Structures are given as C-alpha cells and as structure tokens.
Amino acid sequence: MKSLAILTGAGISAESGLKTFRGPDGLWEGHPVEEVASIEGYLRNPTLVQTFYNQRRKQLIEEGITPNLAHVALAELQRQWEGDFMLITQNVDNLHEKAGSTDVLHIHGELLKARCENSGTVLPWTKNIEPESPCPECSQKKCLRPHIVWFGEMPFYMDEIFERLRSCTHFAAIGTSGLVYPAAGFVEVVSLDARKFEINTDNTPQSNNFDEYFTGPASEQVPLFVEKILGDQKN
Ligand code: NAD
C-alpha cells in the first residue's frame, strides 16, 4: 500500500500573511528567536513570552488570516489519496484545519490551545493568557501557558511519526528550512526507496536528500505537486 507523509513549515503559511521564523534580519516578528521560542526565554521573562503568543493568537483570529491555495491543495490530496496519509506540521497556526485537513500532527503545539502546568490539561484557548487568568481545570492562577513546544522541550507525536516515516513510500517537505530538528532529520529516516519531494522558494541544507524539487511559492507549487503525486498514484 502506498503511504504518504508530508511535513509543512512556516513557509506554507507565509502567503497567508504569517511571517516565517527567521526573517532576513534573523528575527521572528522583531524578536530574537531564543527570546520568545525557548524554555530559558520563558523562564527569564514569562510576561514578554506570554504577550508575544497573545499577539500571535490575536493576529490569527482578528486579522482574518485564511488558508492559501497550498493548504487547500493538501486538504484535497488527503481526500483523494488512496493509502496511508500523514500530515505533520511545525506550524502553530490553524490554517491546515481551516482548509479542511484532518488529523494534523502539530509537533510544535497550537496557538489556539493553552496548557495547565499543574495538571497538564490542554484546553482550547482564544483569549489572551494573563498571569491572573484562572485555569478552568484546577482554578489556580499563574499556571496557564501557551501549548507550544519551545527549544529545550520535546516535540509531540515523535514515536508515532518515526514509526510511520520508516514505512512511507512518498515523503514531501514543504516550506521548511531544514534547520529545526528533529523535523529537519525526518527525510533521513524515510526509507531510501521512498520518493522524496522538496517544495520551497530556496534550497535548504537538506536539499541533497530529496529526489524532486518544486521551486517557488507554495501557493503555486503545492497544487502542481498534488497534481503530480495523484497522477503517479494511478500509475
Ligand atoms: P522557517 O521560518 O525556519 O523556514 C521557512 C522556510 O520556508 C524557508 O526555507 C523558506 O525558504 C521557505 N519559504 C518562505 N516563504 C515560502 C513560500 N511562500 N513558499 C514556499 N516556501 C517558502 O520555518 P520552519 O522550518 O517551519 O521552522 C519554524 C519554526 O517556527 C517552527 O518551529 C514553527 O513552530 C515556528 N513558526 C510557526 C509559524 C506558523 O505557525 N505559521 C510561523 C513562524 C514560526
């Protein structure tokens, strides 16, 4: 049976208006990445980090950020693919779900969820998280944090993903820099016989590990990739 695994990164959401991780200035929305995306940064200045994710959450909800043609094409691919299908994303936005994808594995967590550090409970969350926000689960204050994986923390679903990657027949990495591990190493876990596609505006440090390239913006290239892989499936 054919088995397809897809990994997406910040590049797939860039044309929807969400900035990628490290811009040309090396910053994420004006902040050094270590300041807002590491466990050390959070422990050093929880208010700054909470405010940063409050802004990201607010932007997602209030600026009417919508999926682009790349997200839409992947949702259609999931509907038409006859075989095992796994969509892994490093993105913390909800654009795959908004486009119609299901069972998305958010390995770095989700902006629209909060986690209680006392009970470990994960809650749907659309408001700001403030130090005084009481946890609906344990009623304590100062225990809610964004349900986001920072540098220094273990990404989610790793056992399931590594097991399914080993047996996949097709793998695609879309809009991801090949710099952030463990996701950057997924292409090396996939069997040598699997067909590997990279979709990006640029080369990445992992490009040599792929067999086929769709070079250009995701909104143009992902629909072309989907057309090709659905054609291959019939042959
Ligand atoms: P990255 O920002 O490090 O790299 C983005 C990649 O996308 C680059 O290789 C770039 O060449 C490519 N790219 C940029 N615009 C593109 C386009 N229009 N079409 C195709 N490719 C394009 O992203 P990463 O490797 O995913 O690592 C980012 C980390 O930052 C993740 O951990 C993620 O959680 C977090 N993040 C998430 C979001 C989001 O949820 N939308 C946004 C920023 C950062």
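Numbering of ligands and ligand atoms starts at 1, following listing order. Here the structure is a predicted model, which means the values were calculated and not measured. Only heavy atoms go into these numbers, but all of them, side chains included; no hydrogens, no water, no symmetry mates.
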Q.
I'd like to know if Arg44 and Glu40 make a salt bridge, using a cut-off of under 4.0 Å between side-chain N and carboxylate O.
A. no
Could you tell me, for ligand 1, which of its N or O atoms are under 3.5 Å from any protein N or O, listing the pairs and their distances rounded to 0.1 Å?
residue, atom, partner, partner atom, Å
ligand 1, 2 (O), Phe21, N, 2.6
ligand 1, 3 (O), Ser177, OG, 3.1
ligand 1, 7 (O), Gly175, O, 3.1
ligand 1, 9 (O), Asn200, ND2, 3.0
ligand 1, 11 (O), Asn200, OD1, 2.7
ligand 1, 11 (O), Thr201, OG1, 3.3
ligand 1, 18 (N), Glu15, OE2, 3.0
ligand 1, 19 (N), Ala218, N, 2.9
ligand 1, 25 (O), Thr176, OG1, 2.9
ligand 1, 25 (O), Ser177, N, 2.9
ligand 1, 25 (O), Ser177, OG, 2.9
ligand 1, 26 (O), Ala10, N, 2.8
ligand 1, 32 (O), His108, ND1, 2.6
ligand 1, 34 (O), Gln90, O, 2.5
ligand 1, 34 (O), His108, ND1, 3.4
ligand 1, 40 (O), Val92, N, 2.7
ligand 1, 40 (O), Asp93, N, 3.2
ligand 1, 40 (O), Asp93, OD2, 3.4
ligand 1, 41 (N), Asp93, OD2, 2.8

Q | Sidechain-backbone polar pair: Lys98 side chain, Ile65 backbone, donor-acceptor under 3.5 Å | A | yes
Q) Distance-only, no hydrogens or angles: does the Thr51 side chain make a donor-acceptor pair with backbone N or O of Thr47 under 3.5 Å? A) yes
(Q) Going by salt bridge (Lys or Arg N to Asp or Glu O under 4.0 Å), name the pairs with one or both residues in residues 121-133, residues two or more places apart or in two chains. (A) Glu132-Lys141
**Q.** Any donor-acceptor N or O pair under 3.5 Å, side chains His96, Thr8
**A.** yes
Q: Consider only side-chain N and O atoms of Asp93 and Ser13, and report whether a donor and an acceptor are under 3.5 Å apart.
A: yes
